[in-house]
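The model shown is predicted, which means the values in this text are computed figures rather than measured ones.
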Amino acid sequence: MTGRELHWEIDGQDVAVRIEESTAGGIFRFGEQNIPFTYISRHRHGGWVSVDGKPHEFYVLQDRGSHTVWLDGRTYRLERANKGRPSEAAELARGDCRITALMPGRILRIEVAVGDTVAEKQILATMESMKMETSLLAPMAGRVAAIHCRPGQIVEMGELLIVIEE
Amino acid sequence: MIRKILIANRGEIAIRISHTLREMGIAAAGLFTDPDSEALHRRSMDEAHRIESYLDANEIVRVALECGANAVHPGYGFLSESTSLSSACEKAGITFIGPQTETIRSMGDKLEARRLMQAAGVPVLPAWESNPPASEYPVLVKAVGGGGGKGMRLVQKPSELADAMAAAAREAGNAFNDARVFIEKYVTKPRHIELQVVGDTHGNVVHAFERECSIQRRHQKIIEETPSPAVSPELRATMGATAVAAAKAVAYRGAGTVEFILDAEGRHYFLEMNTRLQVEHPVTEMTTGIDLVREQVRIAEGHPISFKQADLRQTGHSIECRIYAEVPEENFRPDTGTIAVFRPPTGPGVRLDCGVEEGSSVTIDYDPLMAKLIVWAPTRDAAIERMKRSLHDFVLLGVRTNIEFLGRIISSRDFASGNLDTHLIDRNAALLHSPAGTLPIEALLAASLSASPATNGASSSFSNVWTSGAWRNT
């Protein structure tokens, strides 16, 4: 038996689980529950595990701390809790809001300039991806503090585009 | 005699066309761009040639001439309904697998199409060039050269008309290089019903029954089926005769589709004609036994249609679901990524027209349609159960998909009742989200078994869905 403890972030809570396993199976400890499981088979992306006598097929894909789990016809998304992670909000002055790219794509137009006052839901920029375009809207009223992109620029998902301050 | 066909398309449709060609003993030549250099469709052809863009008609014709293809199949989308490819083929002496250039041109102009259809006795919706009587509101402003919801505006009252027409004209001008708009009566609870037609060069036209395509998001169909639960045998006969009259009015050659709006009172009106193979053509193939691509090729070779109207029967029921790389919960934003796990459903009555496999990249360059899942069963209820089972079995990880969302629509009471209209998704916004509920302990176990012992790096964070407006087709 080898044991390991993992932390998941579920509904904003840090949830600790512990696995004690051998090659055939083991015990999954979660809160007060001790759940025995048996492996039926395993492969690179998942396996087949029996819990309480019921078999469950699963696939898991890891992307850094994010885990996508396919189990019995449904998909779940789980995040590893990372206590040491510097909070993004802490890097910013209070009340600031970062507009990031929802999709990899191309910036078509920027509708505001630094210093502009914007209303909630006002269009800040328009971007295009996969033959579709969408507007990036101000999530709150405020002032444009910074613009980190220009028309025509190819951006990655999550790239910082615009900062709005209260 | 056609020896080699250049397939001027990509993804699932290029592969589907190549299947029939290989069965017919015709060489399939394909095209790929740089982002598609490792795409599945490139490897599904007898040969494939690199081009800059699927939208360059001259480049496509040059490749056809160089590789010795004597016909070009445009598939759907891209250049299939643009006269540039059909006329470039004509000039080069290459067979274009589709209707005559003049048919594509006249059906691409919504006002001219309306005029031609009206003259042929096909019912059309009331329309105006400007200022409809106040009693006719709400009305729809539409682009003359448009499609896919571009240049379209719903107008509730006369005071809003001028602004809506200006905005629609601007959008249409940008999208289609044609800023003309017109006003059409708005049907409040429309069903979208289309008729498959096939015409040959000998003047024969037959219809292969209807497809119901009322389940749409962003004016794009996502679930199609045949027979339509709204179409009685009498209505089918009437709409079939109307579709044949419509096709005869333009001496239609090849496979085409006449789209109708069916209103709540069961009256049908001509919407537009699609002068190509439709995305949803497989449901017709499953219930009639016709191979529409084979028929297209034979007609292009000058053969008469291989069946008569009286030979055709609808057997059983077929449903198609379009599998997109997108996130329904977030305004249907398209997603990209590499497919890490791909295990499609199998079994009796299950067909998958698919453009991806494990390892495929879904990029920002093209439409996010990855595959079409089609089922057949003897009855509509059995087809619904089969589709539910197939969607349940479909594992595709690495890019977000609409698979579970499709499952929720298929399992909804509205869908089961057959009481469909194009606003079903807007009305059932709850279907957009997975049902709330606790995470099953088995999912937490599965994640924990697979997780590496140490946390590595922060998860990427990106802004909330509410910073984005709706996605629009361009």
Side-chain angles (χ1 to χ4, degrees), chain A residues 4 6-8 10 15 17 19 21 28 30 33 35 37 45-47 49 51 56 58-62 64-76 78-82 85-86 88 98-106 123 128-139 157-158, chain B residues 218 325-326 330-337 340-341 343 362-368 391-398 400-401 403-404 407 434 439-453 455-474:
Chain A
R4 62 185 194 272
L6 297 161
H7 291 262
W8 296 103
I10 299 171
V15 174
V17 302
I19 289 178
E21 65 174 341
F28 181 53
F30 166 58
Q33 304 181 66
I35 301 158
F37 62 91
H45 287 298
V49 69
V51 178
H56 298 275
F58 67 92
Y59 290 86
V60 179
L61 189 65
Q62 283 189 57
R64 287 171 288 175
S66 304
H67 289 62
T68 306
V69 179
W70 183 96
L71 177 92
D72 301 334
R74 281 194 56 188
T75 310
Y76 307 89
L78 286 142
E79 296 285 336
R80 291 288 283 276
N82 190 339
R85 182 170 62 196
E88 283 218 10
R98 297 152 67 99
I99 312 299
T100 54
L102 286 161
M103 276 287 299
R106 186 176 292 109
I123 297 177
E128 174 189 59
S129 188
M130 295 167 115
K131 307 296 289 169
M132 274 164 278
E133 60 177 72
T134 192
S135 301
L136 299 168
L137 311 179
M157 183 162 99
Chain B
R218 220 164 47 218
E326 67 181 21
E330 298 174 20
N331 277 327
F332 297 99
R333 73 163 171 88
D335 197 27
T336 57
V341 180
R343 195 200 63 183
V362 179
T363 67
I364 62 165
D365 304 282
Y366 301 109
D367 189 274
L391 289 167
H392 181 277
D393 285 355
F394 206 147
V395 190
L396 198 167
L397 299 181
R400 304 278 293 269
T401 76
I403 292 173
E404 282 177 64
S434 323
L439 177 74
I441 190 106
E442 293 84 0
L444 192 58
L445 168 64
S448 303
L449 291 177
S450 310
S452 45
T455 45
N456 34 11
S459 59
S460 66
S461 91
F462 43 94
S463 59
N464 289 324
V465 50
W466 41 266
T467 59
S468 165
W471 290 87
R472 294 177 298 272
N473 311 310
T474 60

Whether B:D335 and B:R333 form a salt bridge (side-chain N of Lys/Arg under 4.0 Å from carboxylate O of Asp/Glu) is what I want to check. yes

Test salt bridge (charged side-chain N to carboxylate O under 4.0 Å, His left out) applied to B:E442 - qualifying residues, sequence neighbours left out: none

What pair of heavy atoms forms the shortest contact from A:W70 to B:H392, and how long is it? CZ2-O, 3.2 Å

Taking all atoms of both residues into account, what is the closest heavy-atom pair of A:V60 and A:V69, and its distance? CG2-CG2, 4.2 Å

Measure distances from B:T401 to the heavy atoms of chain A and classify the residue's part below 4.5 Å as side chain, backbone, both or neither. neither

Please state whether the side chain, the backbone, both or neither of B:L391 comes within less than 4.5 Å of a heavy atom of chain A. neither

Identify which part of A:R106 has an atom lying under 4.5 Å from any heavy atom of chain B, answering side chain, backbone, both or neither. neither

What part of A:I123 gets within 4.5 angstrom of chain B, counting heavy atoms only: side chain, backbone, both, or neither? neither

Of all of B:L439, B:D367, B:D365, which one pairs up most often with chain A through heavy atoms under 4.5 Å apart? B:L439

For the interface with chain A, which of B:S434, B:G407, B:A443 has the highest count of heavy-atom pairs at distances below 4.5 Å? B:A443

Below 4.5 Å from any heavy atom of chain A, which atoms of B:I441 appear? Answer side chain, backbone, both or neither. both

Euclidean distance, B:I364 CD1 relative to A:E128 CD, rounded to 0.5 Å: 8.0 Å

4.5 Å side-chain heavy-atom contact, B:I403 and B:L396: yes

Between A:F37, A:F58, A:Y59, A:Y76, which shows the greatest number of heavy-atom pairs under 4.5 Å with chain B? A:Y59

A:F30, part contacting chain B, at a heavy-atom distance under 4.5 Å: side chain

Could you go through A:V17 and B:L444, starting from their C-alpha distance and side-chain angles, then the distance that decides it, and tell me whether this counts as side-chain contact (heavy atoms from CB on, under 4.5 Å)? CA-CA 9 Å; A:V17 302; B:L444 192 58; 4.0 Å; yes

